[in-house]
Amino acid sequence: MRGNAARVVGALAIGTAALVATGCSGGGGDKTAACKNMKQEIADFGKKQSSDPRQVAQAYSDLARKFRDESKNAADDKVKSAAAKASTALDGLSADMRSLAAGNVKIPNTQALQSSFAELQKACGNV
């Protein structure tokens, strides 16, 4: 069970590396602030380490909430949409991790998260 939690955390780190590395920078306005804040949230999330699926589930849930909050501040519809998709994907992973903590062996699917973060990277671009 702990190995699966570590794999999911690793998949998130790999899936978000491009956003953290090239993410949102420059420009002005609410889009820039939202992108920078989400980039920082991802970087902070990447520093957290836990093999407890309940803690990982809560961390995903917290990150989803922060993305939803930031999407409300973004002046750009593409950023709002991508952040909403990322929030939904994070909520899904949170549910998968809670299921794993309950003893249901299932490898969480990180594809939706990777796809939504790629969309977010594109939407934030070089603001």
Side-chain angles (χ1 to χ4, degrees):
M1 189 160 65
R2 291 182 187 266
N4 285 336
R7 259 187 248 133
V8 172
V9 172
L12 177 64
I14 291 167
T16 61
L19 183 60
V20 172
T22 63
C24 311
S25 60
D30 293 336
K31 175 182 174 179
T32 299
C35 286
K36 284 183 177 182
N37 289 341
M38 286 185 281
K39 177 183 174 184
Q40 186 60 51
E41 292 297 338
I42 293 169
D44 291 346
F45 183 90
K47 295 175 187 174
K48 297 177 183 178
Q49 293 185 359
S50 177
S51 60
D52 180 348
R54 289 176 293 268
Q55 290 178 349
V56 174
Q58 186 60 51
Y60 280 135
S61 183
D62 293 345
L63 188 59
R65 180 186 42 78
K66 290 173 183 177
F67 270 45
R68 275 190 291 280
D69 291 345
E70 285 302 330
S71 73
K72 294 175 188 173
N73 299 324
D76 184 280
D77 287 340
K78 289 180 181 180
V79 172
K80 285 181 182 184
S81 175
K85 288 177 184 176
S87 294
T88 299
L90 287 162
D91 284 335
L93 283 174
S94 178
D96 287 348
M97 295 308 293
R98 282 185 172 81
S99 179
L100 185 64
N104 300 318
V105 179
K106 172 187 169 191
I107 297 176
N109 184 352
T110 60
Q111 185 175 1
L113 183 64
Q114 292 171 346
S115 174
S116 64
F117 276 3
E119 185 178 334
L120 186 59
Q121 178 186 4
K122 184 177 179 182
C124 285
N126 290 325
V127 188

Between K31 (side chain only) and A123 (backbone N and O only), is there a donor and an acceptor less than 3.5 Å apart?
yes
Considering non-hydrogen atoms only, spot the tightest contact between S116 and A89 and give its length.
OG-CB, 4.1 Å
Least distance between heavy atoms, L120 atom then A83 atom
CD1-N, 4.0 Å
May I ask you to test the S81-E119 pair for a side-chain heavy-atom distance under 4.5 Å?
yes
For the CE atom of M38 and the CZ atom of F45, what is their distance to the nearest 0.5 Å?
16.0 Å
Interatomic distance, CG@D96 vs CG@N104, rounded to 0.5 Å, equals 10.0 Å
I'd like to check I42 versus F117 (side-chain heavy atoms, cut-off strictly below 4.5 Å). Are they in contact?
yes
How long is the gap from CG on L113 to OG1 on T88, to the nearest 0.5 Å?
11.0 Å
Could you check whether D76 pairs with K78 (Lys NZ or Arg NE/NH1/NH2 to Asp/Glu carboxylate O, under 4.0 Å)?
no
Okay, side chain of S94, backbone of L90: is any donor-acceptor separation there less than 3.5 Å?
no
Sequence neighbours excluded and cut-off under 3.5 Å, please list the side-chain donor-acceptor pairs for residues 61-68, or say none.
unit_1: D62; atom_1: OD1; unit_2: Q58; atom_2: NE2; d: 2.7
unit_1: K66; atom_1: NZ; unit_2: E41; atom_2: OE1; d: 3.4
unit_1: R68; atom_1: NH1; unit_2: D91; atom_2: OD2; d: 2.8

Can you tell me how far apart CG (L100) and CZ (R54) are? Round to the nearest 0.5 Å.
10.0 Å
Can you name the nearest heavy-atom pair linking N73 to D30, along with the distance?
O-CB, 2.8 Å
Just so I know, are the side chains of D77 and K80 near enough to count as touching, which here means a heavy-atom distance under 4.5 Å?
yes
